[in-house]
Amino acid sequence: MAQKNTQELKEYFKAGKRPTENQFGDFIDSFANLDDPNIFSPHYKEKSNFKFVFPEQQADQAIDILLGNVIIHGWLEIEVAGFFNFQNSVGTIKKQIVIGAFNDNYIWRSPVSRIIEASGEIVDNIYIGDIVWDDVIKQYKITVYHTNSRGNEYVVRLVHHSTADAVVNKAVLSEVYTNPLTGQRKHYVHYNENVGIKTKNPAAPLDVQGRILFDTESPVISGVAIRGYETMWARGYHFVSSDGNQNAGGFAAVGEQDKINLYYIGKYENKIVSFDPENRQSTFGGNIEVYGEVKATSHRVFSYSPVLFLDRSVDYGGYIQGIQTRLSDGTNNWFFGNAHSDTFVISSGGYDDGRQFVINRNGNAALQGKLEAKDFVVSATPTADHVFASDYKLREISDLEKFISEKNHLPEIPSAREMTDSGLSIGGFQIKLLQKIEELTLYMISMKKEIDILKSN
């Protein structure tokens, strides 16, 4: 066999002629060596006869595709396909690498790579590295890692497109050796039907790690940046009906030039909640249900007749309803509210701790400690004017003296022990005191009369 040029090879296939065995060998030899640059460009090369086997029950194995100490420009594509030997490794992984490098590790354009395809069980077995310089053997290489210990057979296809001479056709394989892979060990490209940006393992149909900018000049550090108009504008996220014709509401903001006037939830003409960033106020267009804690510096209920309702969600169980204040360390300070269906309390601490003031539904109230006021009005209490009635039986002074000697308190006035044990009715006690004052007045009038008689005699 001998290499022939294109013109010579055409002579073998003229009409009516049949190539001899030697001529056919010349044809195969010529085209296998790609001698005609007009047909086979030196700037584009492929190599697809690589085949290797990773051994059974040996973990952390790898093999290098040795590219040589060469000039590598443009892009390279490496594709690995698997088979079923000891474990299913069917599928393909295709990786594209863009690089600019001269001989002797002079890399003027660092490699940038992306996975074009990764599908099948092979993604659990093979991981393709980038182009790196091996300072020991003094050449560029691509490492193929075996991330599974089960033995499997693989084939590799290389493609190189470059403005300089393509070099992958001269690549060779190293021996299989042990080389543990750390960090990322699996390639993903739509493998789990998710799309990821800045993540190799997307966890949602669209998984974006980092910020999204609709304007490259945006000052937003993270999240989504939406630019407004120089005049009035409105921007946001809205939900629409299945036919796309009806706006169901959303989250949006309206503003003017560089200022946001209002954030809102719902429809602009029928807002559920609106937020005024300038005044730092929120407006709710309906009821608010809160499960858990609400923290704020202040709350304002603004209406013609504002009422704050604390509604029970069930008709059974406890009856605790109220407002609990707390200190900065989280301990309870004061409680105002129901401690029972018929009892309202003000307590220092929790609802059942240190009750300072208790009001029962029957009208009775209890106060722990002193009560100070400028005035008290006690109503619906009988008076003591009956003392001045003509038929009132005033106790004789001798009988009064005897009662005091025996009882150590005035008649009809509770003793000190009774006051301690049972307390006092302020209204009733005041009337009793008035009664005693009126009786004392009658005694004084009687004594005045007796003194006047004695003086006259």
Side-chain angles (χ1 to χ4, degrees), residues 249 251 263-266 270-382 413-433:
F251 314 87
Y263 299 99
Y264 70 89
I265 300 175
N270 186 21
K271 305 176 188 66
I272 299 173
V273 185
S274 60
F275 308 94
D276 185 336
E278 182 175 354
N279 297 324
R280 296 181 178 273
Q281 292 182 350
S282 304
T283 303
F284 294 83
N287 297 330
I288 304 173
E289 293 189 14
V290 178
Y291 298 92
E293 296 185 354
V294 178
K295 296 182 179 180
T297 55
S298 64
H299 288 286
R300 179 188 183 195
V301 181
F302 184 76
S303 177
Y304 176 76
S305 298
V307 179
L308 181 64
F309 292 95
L310 302 177
D311 292 332
R312 286 175 48 80
S313 59
V314 295
D315 295 328
Y316 55 86
Y319 292 91
I320 310 304
Q321 294 170 281
I323 299 174
Q324 176 72 63
T325 67
R326 294 192 297 188
L327 301 175
S328 59
D329 62 0
T331 58
N332 292 335
N333 191 17
W334 284 93
F335 175 83
F336 308 83
N338 296 347
H340 188 269
S341 61
D342 295 324
T343 305
F344 179 88
V345 300
I346 299 177
S347 302
S348 58
Y351 73 93
D352 205 26
D353 303 327
R355 294 186 178 183
Q356 305 296 319
F357 188 47
V358 179
I359 302 174
N360 291 320
R361 195 178 295 276
N362 61 10
N364 294 335
L367 175 68
Q368 177 68 32
K370 296 180 178 180
L371 178 64
E372 181 177 344
K374 292 183 178 181
D375 193 13
F376 278 104
V377 176
V378 180
S379 61
T381 302
I413 298 297
S415 66
R417 184 177 184 83
E418 290 174 330
M419 293 183 187
T420 302
D421 293 343
S422 304
L424 289 174
S425 169
I426 293 177
F429 189 67
Q430 290 290 347
I431 296 302
K432 287 297 181 183
L433 291 178

Look at the side chain of [X] and the backbone N and O of [Y], then say whether any donor-acceptor pair between them is shorter than 3.5 Å.
{"X": "Gln324", "Y": "Gly349", "result": "yes"}
{"X": "Gln356", "Y": "Leu367", "result": "no"}
{"X": "Asn362", "Y": "Asn364", "result": "yes"}
{"X": "Ser348", "Y": "Gly354", "result": "yes"}

Legend entry - Residues that Val307 engages under side-chain contact (heavy atoms from CB on, under 4.5 Å), provided they are two or more places apart: Phe309
Legend entry - For Asp276, all residues meeting side-chain contact (heavy atoms from CB on, under 4.5 Å), sequence neighbours excluded: Glu278, Asn279
Are [X] and [Y] close enough that some pair of their side-chain heavy atoms sits under 4.5 Å apart?
{"X": "Asn332", "Y": "Arg326", "result": "yes"}
{"X": "Val345", "Y": "Val358", "result": "yes"}
{"X": "Tyr351", "Y": "Asn338", "result": "no"}
{"X": "Tyr264", "Y": "Ile272", "result": "no"}
{"X": "Ile413", "Y": "Glu418", "result": "no"}

How long is the gap from [atom1] on [X] to [atom2] on [Y], to the nearest 0.5 Å?
{"X": "Leu327", "Y": "Asp329", "atom1": "CG", "atom2": "CG", "result": "5.5 Å"}
{"X": "Lys271", "Y": "Ile265", "atom1": "NZ", "atom2": "CD1", "result": "12.5 Å"}
{"X": "Asn333", "Y": "Ser328", "atom1": "CG", "atom2": "OG", "result": "10.0 Å"}

Inset, instruction - Under the side chain to side chain contact (heavy atoms under 4.5 Å, CB included) rule, what do Ile323 and Trp334 come out as? Steps first, then yes or no, please. - result: CA-CA 8 Å; Ile323 299 174; Trp334 284 93; over 6 Å; no
Which atoms form the tightest heavy-atom contact between [X] and [Y], and what is the distance?
{"X": "Arg355", "Y": "Ser347", "answer": "CG-OG, 3.3 Å"}
{"X": "Ala365", "Y": "Phe357", "answer": "CB-CE1, 4.1 Å"}
{"X": "Ala339", "Y": "Ile320", "answer": "O-CD1, 3.7 Å"}

Inset, instruction - Using ring pair (Phe, Tyr, Trp, His ring centres under 6.0 Å) as the criterion, list what pairs up with Phe335, not counting sequence neighbours. - result: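 Result, ring pair (Phe, Tyr, Trp, His ring centres under 6.0 Å) vs Phe335: none returned.
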Legend entry - OH (Tyr263) with more than 12 external heavy atoms under 6.0 Å: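 At most 12 heavy atoms, drawn from other residues, nucleotides or ligands, come within 6.0 Å of this atom.
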Inset, instruction - Just say parallel, tilted or perpendicular for the rings of Phe275 and Phe284, cut-offs at 30° and 60°. - result: perpendicular
